[in-house]
Number of protein chains: 2
Amino acid sequence: MTSERILSAAQKLFEEKGFDQTSVRDIATSANVNVALINYHFQSKENLLFTVLTNSMDTTRMKLSDINKLEESSDEKLKRVVALYVSKIFDNRHYYHFVQRELANSGRQEFRDALIKVINRNSLEFRQLLEDGQKSKEFRKDADLELAMATLFGILHQTTNEVLSKRYRRAGEKDDAFRKRVEHFAYNLLLQHLKK
Amino acid sequence: MTSERILSAAQKLFEEKGFDQTSVRDIATSANVNVALINYHFQSKENLLFTVLTNSMDTTRMKLSDINKLEESSDEKLKRVVALYVSKIFDNRHYYHFVQRELANSGRQEFRDALIKVINRNSLEFRQLLEDGQKSKEFRKDADLELAMATLFGILHQTTNEVLSKRYRRAGEKDDAFRKRVEHFAYNLLLQHLKK
DNA sequence: TTTAATTTTAAACAGTCGTTTAATTTTATC
DNA sequence: GATAAAATTAAACGACTGTTTAAAATTAAA
């Protein structure tokens with residue numbers, strides 16, 4: 001299908017160069033398609049971006065919801081959530097940082113708001129898990145749930161950023177080892193805070 | 001001075017809209033100056049960006065270096081470094097996130113490399129402090145210094161981001177209270193990890 | 001096979017971009 | 001006050017931007 005070729009070419013180029021630095025002619029060339037077809041199928045370049053962004057955002061929330069429903073200790077659930085986010089963000093780091101970039105570019109407010117809603121629904125699932133842990137007295141009552149979440153996302157943001165991550169890698173450390181180190185570190189750090 | 005007016009107008013607009021979405025005519029209008037003067041004084045728009053970025057980057061490293069030279073426990077020094085970064089990033093959050101954005105936009109490699117060098121020199125000062133703490137046996141020998149740094153920068157990145165920070169704020173919490181909460185949380189979290 | 005709807009094409013649209021030019025004004029040097 | 005240097009101006013440059021048009025080609029329906 002033409003529109004699918006356009007979509008995947010657009011996603012690839014947006015991730016590499018950002019929205020502004022990718023022209024519709026770039027996309028058309030990369031998708032082997034006439035320029036006018038982009039507007040024919042997607043009305044505008046902005047709407048193409050919106051389609052790319054919303055195309056993949058909902059699967060994560062379903063996985064989080066599944067974890068919440070498990071009959072396990074909050075420890076175990078937290079371990080699963082950390083692993084979920086680590087693999088999700090490490091596997092799609094270009095896509096993840098592209099989303100961050102476009103969210104930060106304050107223009108395009110219309111769908112920025114739409115995206116924020118989706119993201120917020122996801123973090124509510126995470127928060128639910130932490131609150132359940134408090135209710136069952138596995139986690140301290142006065143643990144800072146908000147900043148615990150900020151810590152996880154912050155570490156993952158730093159360690160998957162193409163530029164910044166170089167500061168945190170050890171000499172000769174391979175991708176896989178680095179990833180595992182991050183996962184263990186984040187989990188233990190969170191657990192230490194949540195359990196006193 | 002004309003060139004100073006251009007510089008501050010450019011910094012303001014870059015922070016608000018990003019590099020790509022700011023035109024040289026925007027800058028000229030905002031600085032109340034003829035368009036051609038931008039190229040006359042700064043040769044190119046890119047070079048103007050470079051000037052804006054490097055104009056402020058070195059003061060932080062000097063402050064870090066000063067802290068390192070103090071005759072205090074590593075605990076105290078760490079507290080100072082956390083406070084330094086908290087105030088630096090919270091006070092200049094727009095500027096900080098603008099730098100992050102431009103660093104992530106993979107084009108402009110020439111001076112991206114130059115900027116990374118400056119940033120890396122800064123984090124070396126931070127690392128020095130942590131290593132000194134290990135040598136004096138205040139910090140555990142097997143503490144993960146790299147990821148401890150990633151944690152601090154990650155938390156600050158998340159909590160100062162205009163969009164993301166809303167997830168971490170508590171209802172009705174004022175800027176100052178939020179900032180203090182972040183500072184205490186980050187310091188205690190790092191200390192807990194570094195001291196076992 | 002004819003007709004209608006959909007998709008693709010090449011070309012042009014109007015607008016903006018960063019930059020350059022050449023003339024003019026301002027400032028500094030003597 | 002004359003001369004040289006520096007700063008500013010209005011106008012234009014060519015290149016590229018996202019989008020539209022109208023004709024041609026393809027596909028689907030009858």
Side-chain angles (χ1 to χ4, degrees), chain A residues 1-55 98 101-103 105-112 114-115, chain B residues 1-55 98-99 101-112 114-115:
Chain A
M1 274 284 276
T2 304
S3 58
E4 288 164 7
R5 294 230 307 287
I6 294 174
L7 267 176
S8 71
Q11 171 154 353
K12 182 168 159 285
L13 289 171
F14 286 163
E15 287 175 7
E16 287 173 8
K17 315 198 291 175
F19 179 76
D20 287 316
Q21 297 202 37
T22 302
S23 72
V24 288
R25 284 170 182 82
D26 286 343
I27 299 169
T29 305
S30 171
N32 225 333
V33 133
N34 188 287
V35 212
L37 288 179
I38 290 176
N39 291 84
Y40 176 76
H41 285 286
F42 296 95
Q43 295 85 52
S44 71
K45 186 193 174 191
E46 277 212 349
N47 192 56
L48 172 60
L49 170 63
F50 188 65
T51 311
V52 167
L53 287 176
T54 52
N55 240 6
F98 156 63
R101 249 182 295 151
E102 296 311 322
L103 270 176
N105 279 1
S106 43
R108 296 185 270 285
Q109 182 114 15
E110 333 101 33
F111 64 70
R112 205 182 74 155
L115 286 173
Chain B
M1 274 283 276
T2 303
S3 58
E4 287 165 8
R5 294 228 309 285
I6 294 174
L7 267 176
S8 72
Q11 170 153 353
K12 182 167 159 284
L13 290 171
F14 286 163
E15 287 175 9
E16 287 172 9
K17 316 199 291 175
F19 179 77
D20 287 316
Q21 297 201 36
T22 301
S23 72
V24 288
R25 285 171 182 80
D26 286 341
I27 300 170
T29 304
S30 170
N32 224 333
V33 135
N34 188 285
V35 214
L37 288 180
I38 291 176
N39 291 83
Y40 177 75
H41 285 285
F42 296 96
Q43 295 85 53
S44 71
K45 187 192 174 191
E46 278 212 351
N47 192 58
L48 173 60
L49 170 62
F50 187 65
T51 310
V52 167
L53 288 176
T54 51
N55 239 5
F98 155 64
V99 174
R101 250 182 294 150
E102 296 310 323
L103 270 177
N105 279 1
S106 42
R108 296 185 272 281
Q109 181 114 17
E110 332 100 33
F111 63 71
R112 205 182 75 154
L115 285 172

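Chain letters run A, B, ... following the sequence lines, proteins first, then strands; residues in each count from 1. Just the heavy atoms: all of them, side chains too, but no hydrogens, waters or symmetry mates, feed the values below.
- Using a 4.0 Å heavy-atom distance criterion, A/Thr22 is classed as a sugar-phosphate-only contact.
- The distance between atom CG of B/Asn39 and atom P of C/dC17, rounded to the nearest whole Å, is 14 Å.
- Comparing D/dT9, C/dA10, C/dT19 by their closest approach to the side chain of B/Asn34 singles out D/dT9.
- Between A/Lys45 and A/Phe19, some side-chain heavy-atom pair lies under the 4.5 Å cut-off.
- When the options B/Thr2, B/Ile27, B/Asn47 are evaluated for a side-chain contact (heavy atoms from CB on, under 4.5 Å) with B/Ile38, the one that passes is B/Ile27.
- Which of C/dG18, D/dT9, C/dT19 sits closest to the side chain of B/Ser23 comes down to C/dG18.
- One finds a side-chain N or O of B/Thr2 lying less than 4.0 angstrom from the OP1 or OP2 phosphate oxygen of D/dT8.
- Rounded to an integer number of Å, the gap from A/Ile6 CD1 to C/dT9 P is 10 Å.
- Residue A/Leu37 contributes atom CG, which lies 14 Å from atom P of D/dT20 at whole-angstrom precision.
- Atom CZ in A/Phe14 sits roughly 9 Å away from atom P in D/dG18 (whole-Å rounding).
- Atom CZ in B/Arg25 sits roughly 13 Å away from atom P in D/dA11 (whole-Å rounding).
- Per the geometry, OH belonging to A/Tyr40 stands 21 Å off P belonging to C/dA11, to the nearest Å.
- Taking side-chain N and O atoms only, A/His41 has no distance below 4.0 Å to OP1 or OP2 of C/dT6.
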